[in-house]
2 protein chains.
Amino acid sequence: MATIRDVARLAGVSISTVSRVLNKSGYVNSETEREVNKAIQMLKYEPSDVARGLTNKKTRTIALILPDIVNPFFPELSRAVEDVARTSGYTVIFGNSDGQANKEKAYINILKQKYISGIIFASHNLNRDDVEYLQKIDIPFVVLDRAPSQEGCTVVRSNNFEGAKLAVQHLLDVGCKKIAHIYGPQEINTAKDRLSGYEESVKNFKWYSPTLMVPGNFKLDGGMNAAHVLMERHPDVDGIFVGNDLMAVGALKTLLRLGIKVPNQIAICGFDGIHLAEAVEPELTTIAQPIYEMGALAADLLIKKIEGAVVDNRIYELEVKLVPRASTTKEI
Amino acid sequence: MATIRDVARLAGVSISTVSRVLNKSGYVNSETEREVNKAIQMLKYEPSDVARGLTNKKTRTIALILPDIVNPFFPELSRAVEDVARTSGYTVIFGNSDGQANKEKAYINILKQKYISGIIFASHNLNRDDVEYLQKIDIPFVVLDRAPSQEGCTVVRSNNFEGAKLAVQHLLDVGCKKIAHIYGPQEINTAKDRLSGYEESVKNFKWYSPTLMVPGNFKLDGGMNAAHVLMERHPDVDGIFVGNDLMAVGALKTLLRLGIKVPNQIAICGFDGIHLAEAVEPELTTIAQPIYEMGALAADLLIKKIEGAVVDNRIYELEVKLVPRASTTKEI
DNA sequence: TTGAAAGCGCTAACAG
DNA sequence: CTGTTAGCGCTTTCAA
């Protein structure tokens, strides 16, 4: 592989001149520039990112740390991140943390050694220490959903609280008279906000009872189990707002197996807007987060930071949207 | 961040000695070794992968190029790759090629500039030129499913042909009398093999007809459409072997919407073994590929190659397995 | 068993 | 406008 030196030799100039045309830094006679470019062409020269990294402490590589790529929420997010990264000339490293703080920390260390340019955390285990550390070693980062500390963090998330209210309102609109909620792990902020939104929306109804809220694990089986619990406690429920689509699909399975008609006996509304919601029958009504946009925005903000633009260290909150489908479309 | 020089200074030795203990290369007095290690501890020194990369032309980073991470087959595969990579001290870059040869080529170039240690291609657009190029620039690689040329390629795949036969046999076993097939894009080798397996299994039955084979695109909507076509052509079909799970789920949707009972009127068997198959109701019988194992094996072989072990450039073919579920469990 | 020194490929002052 | 030179942090001969 050709190096900058080869180019310089062929073009009959010094390597600094080549470097200048490469980086468009400093003045270069347009005549020599042409020569240099010609040499570059001839040799099919491509600068080494590694050598550049050694000098610059930047590698045009960003990392995406998420809990588990197998969780159907993350592939779409990852796709968005990779799309905007590639477009901007960046490459993306991905890592699964399984929501374990130590794996997260281990990754931060490895990434530092590799002079990674920046990190997107889609995981919820970043703690205050990590943030301080990242700030200290000066690695730009963006957090999805939740920041462990307000200061110095750029956060991208969607409006979970309002989304939950939307869900409940929709269920009421389609005629539900008693609405339950299956909620996710309360260590996860999004799950908490959605639960709050539900409570806020229903607490003044006479049918309201805390036992209408059943815990789940944000996974398929959690939804299945929670639905069972719910059917025993409240056989008369006619609408369920489920904290995420994956659990909603699980709940749907349970109901179908019990021979309960969805939506006519019980309507279901999920949350997230993953493709899975459209794969099941009846298709699942959901509160869709703009998943792709969230990933794209996070990547965008991160790259802006890396390239020195001033980006507000604030929360960028995106709107969610009700997507009505068959699981709440009661027949008259 | 501390450098090797800081360690050398603190330990009172030269940087070459530090390098020796770091790499366990060459003789080092165990006394001095202890000193050096102490210094390393004190300074929390971590060697820079980038500087190492510049010298070694290896970066302990591998790349995984796949068509689209959003396709539910790939997250699990990626997870496996990342798991074994991390365990072995490697980091993984991922890229979506959308099955476009030029994107693939572009990635190869970028990766070369970054001194990536090796590449796994889970995409089917690698062509002979690419392979030759990779060989020329000496980047180790492993291909999933298919190699564009036999020589010099390490390939990991599963036995699609046998899997298809398994599927048909299973449908016959549960009593199906007329079995159709929805197949995937024939540019994709796996799709072709599965189609062959189907043909091979059914061609001698008196009910066999080429019109029982309907094309699909390996996606949800493709399965939905194909099922419609099929129901018009052959309303009397009572079993469908679908080329992949995603299309099988689509086909299932269509049948359910048409009011057809699955499995009693029509049994369905998919192929792949993705989690989606368990999310739908009835759950989908499938020919499961050992997806995780395939990813893990690919990563393993790649790392072996990178580290100079001799690995046969041959096809590593893994067995598939019938996973019977409700979609083929006819009630008696 | 250890150290000095060259070099990996590039960028960035600093002189001209 | 262009060339020289000193690193960036590490590995690897080559001597000692």
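Lettering of chains follows the sequences in order, A, B, ..., and the numbering in each one begins at 1.
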Colleague: Looking only at the side chain of A/Asn56 (C-beta and beyond, no hydrogens), which of the listed nucleotides C/dA12, D/dG9, C/dC10 gets closest?
Modeller: C/dA12
Colleague: Between A/Ser14 and D/dT4, is there a contact of a side-chain N or O with OP1 or OP2 at under 4.0 Å?
Modeller: no
Colleague: What is the distance, to the nearest angstrom, from the CD atom on B/Glu31 to the P atom on C/dT1?
Modeller: 13 Å
Colleague: When you get a sec, tell me which of C/dG3, D/dT2, D/dC10 is the closest nucleotide to the side chain of A/Val28?
Modeller: D/dT2
Colleague: Can you tell me how far P of D/dG9 sits from CG of B/Leu43, to the nearest Å?
Modeller: 13 Å
Colleague: Between C/dC10, D/dC10, D/dC14, which nucleotide has the shortest distance from any of its atoms to the side chain of A/Pro47?
Modeller: C/dC10
Colleague: So, does the side chain of B/Ser16 form a donor-acceptor pair with the base of C/dA4 at under 3.5 Å?
Modeller: yes
Colleague: Any idea which of C/dT2, C/dC8, D/dC10 is nearest the B/Asn29 side chain?
Modeller: C/dT2
Colleague: Flag the pair A/Tyr316 / A/Arg157 as yes when at least one side-chain heavy-atom distance between them is below 4.5 Å, and no otherwise.
Modeller: no
Colleague: Is a donor from one side chain sitting under 3.5 angstrom from an acceptor on the other, for A/Thr190 and A/Asp145?
Modeller: no
Colleague: C/dC10, D/dC10, C/dC8: which one has an atom nearest the side-chain heavy atoms of B/Arg52?
Modeller: D/dC10
Colleague: OP1 or OP2 of C/dG3 sitting under 4.0 Å from any side-chain N/O of B/Tyr27?
Modeller: no
Colleague: Side chain of B/Arg60, backbone of B/Ser88: donor and acceptor closer than 3.5 Å?
Modeller: yes
Colleague: Over how many whole Å does the gap from B/Asn23 atom CG to D/dC10 atom C1' extend?
Modeller: 9 Å
Colleague: To the nearest angstrom, how far is A/Glu33 atom CD from D/dC1 atom P?
Modeller: 11 Å
Colleague: Is it the case that the base of C/dG7 and the side chain of A/Arg5 share a donor-acceptor contact (distance under 3.5 Å, atom types as modelled)?
Modeller: no
Colleague: Take the protein atom CD1 of A/Ile40 and the nucleotide atom C1' of C/dG9, then report the distance between them rounded to whole Å.
Modeller: 14 Å
Colleague: For residues B/Leu126 and B/Val131, determine if any side-chain heavy atom of one lies less than 4.5 Å from a side-chain heavy atom of the other.
Modeller: yes
Colleague: Answer yes or no on whether B/Lys305 is positioned over the face of B/Phe141, meaning its NZ or CZ is under 6.0 Å from the six-membered ring centre and within 45° of the axis.
Modeller: yes
Colleague: Counting the atoms with a prime plus P, OP1 and OP2 as sugar-phosphate, which does B/Val50 contact under 4.0 Å by heavy atoms, base, sugar-phosphate, or nothing?
Modeller: nothing
Colleague: Atom CZ of B/Arg9 to atom C1' of C/dG3: distance rounded to whole Å?
Modeller: 16 Å
Colleague: Counting side-chain heavy atoms from CB outward, which of D/dC10, C/dT11, C/dG9 is closest to A/Ser48?
Modeller: C/dG9
Colleague: On DNA chain C, check which nucleotide each of A/Ile15 and B/Lys57 is closest to and give me the residue with the more 5' one.
Modeller: B/Lys57
Colleague: Under 4.0 Å between a side-chain N or O of A/Ser19 and OP1 or OP2 of C/dC10?
Modeller: no
Colleague: On DNA chain C, compare the nucleotides closest to A/Met1 and A/Arg20; which residue's is nearer the 5' end?
Modeller: A/Met1
Colleague: Could you state the atom-to-atom distance from CZ of A/Arg60 to P of C/dT11 in whole Å?
Modeller: 12 Å
Colleague: Between C/dG3 and B/Thr17, is there an OP1 or OP2 to side-chain N/O distance shorter than 4.0 Å?
Modeller: yes
Colleague: For B/Lys114 and A/Thr61, what are the C-alpha separation, side-chain angles and deciding distance, and is it a side chain to side chain donor-acceptor pair (under 3.5 Å)?
Modeller: CA-CA 10 Å; B/Lys114 289 190 183 287; A/Thr61 299; 3.2 Å; yes
Colleague: Applying a 4.0 Å non-hydrogen cut-off, can you work out what B/Val18 is touching in the nucleic acid: base, sugar-phosphate, or nothing?
Modeller: nothing
Colleague: Could you tell me whether the phosphate oxygens of D/dC10, OP1 or OP2, come under 4.0 Å of any side-chain nitrogen or oxygen in B/Tyr45?
Modeller: yes
Colleague: Base, sugar-phosphate, or nothing for A/Thr32, non-hydrogen atoms under 4.0 angstrom?
Modeller: sugar-phosphate
Colleague: What's the CD1-P distance between A/Ile4 and D/dG7, to the nearest Å?
Modeller: 19 Å
